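A short write-up of the structure that comes next.
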Amino acid sequence: QTFEKLLIANRGEIACRVIKTCKKMGIKTVAIHSDVDANAVHVKMADEAVCVGPAPTSKSYLNMDAIMEVIKKTRAQAVSLNESICCSFSPPNFMSLLSLQASEGVTFIGPDTHAIQAMGDKIESKLLAKNAKVNTIPGFDGVVKDADEAVRIAREIGYPVMIKASAGGGGKGMRIAWDDEETREGFRFSSQEAASSFGDDRLLIEKFIDNPRHIEIQVSLVMLFQVLADKHGNALWLNERECSIQRRNQKVVEEAPSTFLDPETRRAMGEQAVALAKAVKYSSAGTVEFLVDSSKNFYFLEMNTRLQVEHPVTECITGLDLVQEMIRVAKGYPLRHKQADIPINGWAVECRVYAEDPYKSFGLPSIGRLSQYQEPLHVPSVRVDSGIQQGSDISIYYDPMISKLITYGSNRAEALKRMEEALDNYVIRGVAHNISLLREVIVHPRFVQGDINTKFLPEVYPDGFKGHELTDLERRELLATAASLYVAEQLRSQRFLGTPRIPIAKSKRNIWELSVRLGDGVYPVAISKDGSSFSVEVDGMKLNVTSEWNLASPLLSVTIDGTQRTIQRLSRNASGETSIQFLGTVYKLQILTKVAAELSKYMPEKAAEDTSSILRSPMPGAVVAVSVKPGDTVSEGQEICVIEAMKMQNSMIAAKTGKV
């Protein structure tokens, strides 16, 4: 027996995850939402829903006054708070929470306010970690006042340095600086992002650990909300998560356990994580983050006093429901497990599926409506945590995450193979997404071998991500598949269904000569039909292509000379142009008959737009600063304006010298 009604002050996949567990435990739920989220999935799942304000998070999901009014109105006995509220508690918010706890008897799912305040502040948490004898990164332990002081401190520490928001999280308010100029720019953008995201612009500076691995230790500790908690607390560490594949300091791929840690290092890190949790009298599920160097020296990074995005991989290998444990702890129950009971069973991998264009800086946000959406739940051992559905809008106001895709296996190779299959079977239409990048990462030889660090993406793709590079065999497979699709569609258009009408003359054509354009190459393709199979000749080689050819399905399973591939045809038009997702990457092809290809040279080409004198934002967002005015002369590389998208600030620069 826990609570009768719980309010979820959150949105997206985390809110949906909490609601699912509450339903399993027999707890009624209340969802809050902004006006643009009125039709969100978490709103539909909850037993009750209340609008708390307009779209901006500061006026809705982070509006503590409105949330407390909903608590009183709905008589919720417990509250699961938004992680950003936990990261940016101000003294007035704390006083409001304490008074609400005293007057209304409301329980908060998570640690007490002291632990949240101590660990949510990176400056204070670092000092506490030192006192608890936890390894910390060298750096300045106070608040950096201005850009000049930032430069002085950075010089004393020694470049490179990491500039961080004290109240930050999720990669926001963080910049790496390699020299004085980057320190000044980093101080400016980090403080602005911190103020916008967390309502706190305080910054700290510490040494940047080069080539680190990002390791997290999940901690669960019982320190009951009653006064007896200090005497009867129990602490557990629930093994580690490897989170080294990142872009812009935000995690992209996570797995548990880590390929890098040995049992001795794992135990040492776990014991330090528990020591820190006990030092702040922590009482819930939380995460202690470490950086680990190549010699397995580890340094405390931060403690997150909340349920983190990547918690499902820990659940997969331990068998624990962390949300259920958090609710039980909040009610005052002791943990049901001892440290010796915590196993590492199998391997789990999580990919964060974002509405982003991976070809731009490894992922610039994309917005739009999900015109078609189908999760790969038919693939064995796959879990999808999402807060969206077909028809949902991805807007500029919130994080562009579509879902967390998790696969599980008895070993790492099995988990990665299932992830590869799941990514191929994931249907997302209407917005750009990062499926292609995720698939390339998990099949890359370095990742498969476990040779990874936080600079994996820029090291593997120094010129930016370009998609999958086809081998000669893969190119022939794609050409043969595209040609077979074209012929299958031509044959379908000749059939008459649901009518006794008979064609005047039956088509005896069984050989097609086509011309297929892929990239800069044009390839002659000869194709013949044999039952449900096609025999395709490409580059002098014959390939047998077999499928059910259900052209209405968004997914098409094709067998090419015994090799099974799952492809998606995303678009086609009357001029023969088609887009096919093959091995995760979308390829644009043009398929014409031999005659049409010969005549196509007479078609005029559309002139490309001259954009050299235009500054066009690469993503949707808000203009938060304009650095020039009409008539100004600017030089190449000079800042023109600053765009804020999904709470990240981006400097837009001039591509050439000219006058505004």
Side-chain angles (χ1 to χ4, degrees), residues 118-144 153-154 156-171 173-178 186 190 203-219 237-246 249-251 254-280 282 286-305 308 310 450-456:
M119 291 293 101
D121 188 315
K122 287 183 170 60
I123 295 172
E124 186 176 348
S125 67
K126 192 171 180 181
L127 293 172
L128 283 167
K130 280 185 176 181
N131 293 333
K133 296 184 169 28
V134 176
N135 303 345
T136 58
I137 300 171
F140 180 68
D141 296 333
V143 178
V144 183
I153 293 168
E156 290 174 0
I157 296 171
Y159 288 109
V161 297
M162 174 71 82
I163 303 169
K164 287 183 181 179
S166 178
M174 296 176 66
R175 292 289 191 282
I176 300 168
W178 295 82
S190 292
L203 302 178
L204 71 152
I205 297 179
E206 60 190 20
K207 182 69 176 175
F208 174 63
I209 305 297
D210 211 9
N211 289 319
R213 295 173 80 107
H214 193 123
I215 307 285
E216 299 179 343
I217 296 286
Q218 185 75 40
V219 175
W237 48 274
L238 308 180
N239 302 309
E240 79 281 359
R241 298 189 290 256
E242 171 76 70
C243 307
S244 296
I245 306 299
Q246 303 186 6
N249 301 308
Q250 291 181 310
K251 302 155 198 166
E254 298 103 356
E255 60 182 310
S258 170
T259 60
F260 187 66
L261 293 190
D262 54 57
E264 291 76 20
T265 308
R266 176 177 294 117
R267 187 179 305 108
M269 293 174 71
E271 288 172 353
Q272 286 201 16
V274 167
L276 178 60
K278 286 183 175 181
V280 292
Y282 198 80
T287 304
V288 178
E289 299 191 10
F290 293 94
L291 288 181
V292 186
D293 65 20
S294 56
S295 300
K296 296 185 180 176
N297 298 310
F298 57 90
Y299 307 92
F300 169 72
L301 189 62
E302 63 182 354
M303 183 174 187
N304 292 297
T305 57
Q308 282 202 286
E310 61 278 8
D451 178 17
I452 56 179
N453 58 49
T454 53
K455 297 197 295 184
F456 179 89

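This structure is a prediction, so every number in the text was calculated from the model and none was measured.
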Inset, instruction - Kindly write out the residues that satisfy side-chain hydrogen bond (donor to acceptor under 3.5 Å, both in side chains) with D262, not counting sequence neighbours, or none if the list is empty. - result: T265, K296
Legend entry - E255 side, atom CD; E240 side, atom CD - distance, nearest 0.5 Å: 9.5 Å
Legend entry - Heavy-atom donor-acceptor pair, Q272 side chain to N135 backbone, under 3.5 Å: yes
Inset, instruction - Kindly compute the distance separating CZ (F290) from OH (Y299), expressed to the nearest 0.5 Å. - result: 12.5 Å
Inset, instruction - Over all heavy atoms of both residues, which pair between E310 and K251 is shortest? Give the atoms and the distance, please. - result: OE2-NZ, 3.1 Å
Inset, instruction - Using only heavy-atom distances, determine whether the side chains of R266 and S258 contain a donor-acceptor pair under 3.5 Å. - result: no
Legend entry - Rounded distance [0.5 Å steps], CH2 in W237 versus CZ in R267: 6.5 Å
Legend entry - Distance (rounded to the nearest 0.5 Å) between I163 CD1 and L203 CG: 7.5 Å
Legend entry - Any residue meeting side-chain hydrogen bond (donor to acceptor under 3.5 Å, both in side chains) with K130, in chain and number order, not counting sequence neighbours: D141
Legend entry - Spatial distance of atom OH (Y159) from atom CH2 (W178) [nearest 0.5 Å]: 12.0 Å
Inset, instruction - Looking only at non-hydrogen atoms, find the nearest pair between I205 and V161 and report the distance. - result: CG2-CB, 3.8 Å
Inset, instruction - Could I get the full list of side-chain hydrogen bond (donor to acceptor under 3.5 Å, both in side chains) partners for T136, not counting sequence neighbours? - result: none
Legend entry - E206 and K164: CA distance, side-chain angles, deciding distance, side chain to side chain contact (heavy atoms under 4.5 Å, CB included) verdict: CA-CA 8 Å; E206 60 190 20; K164 287 183 181 179; 2.7 Å; yes
Inset, instruction - Using side-chain contact (heavy atoms from CB on, under 4.5 Å) as the criterion, list what pairs up with A279, not counting sequence neighbours. - result: A132
Legend entry - R241 bridged to E289 by N-O distance under 4.0 Å: no
Legend entry - Distance (rounded to the nearest 0.5 Å) between F260 CZ and D451 CG: 10.0 Å
Inset, instruction - Let me know which of N239, L261, V134 forms a side-chain contact (heavy atoms from CB on, under 4.5 Å) with M269. - result: L261
Inset, instruction - Kindly write out the residues that satisfy side-chain hydrogen bond (donor to acceptor under 3.5 Å, both in side chains) with E271, not counting sequence neighbours, or none if the list is empty. - result: none
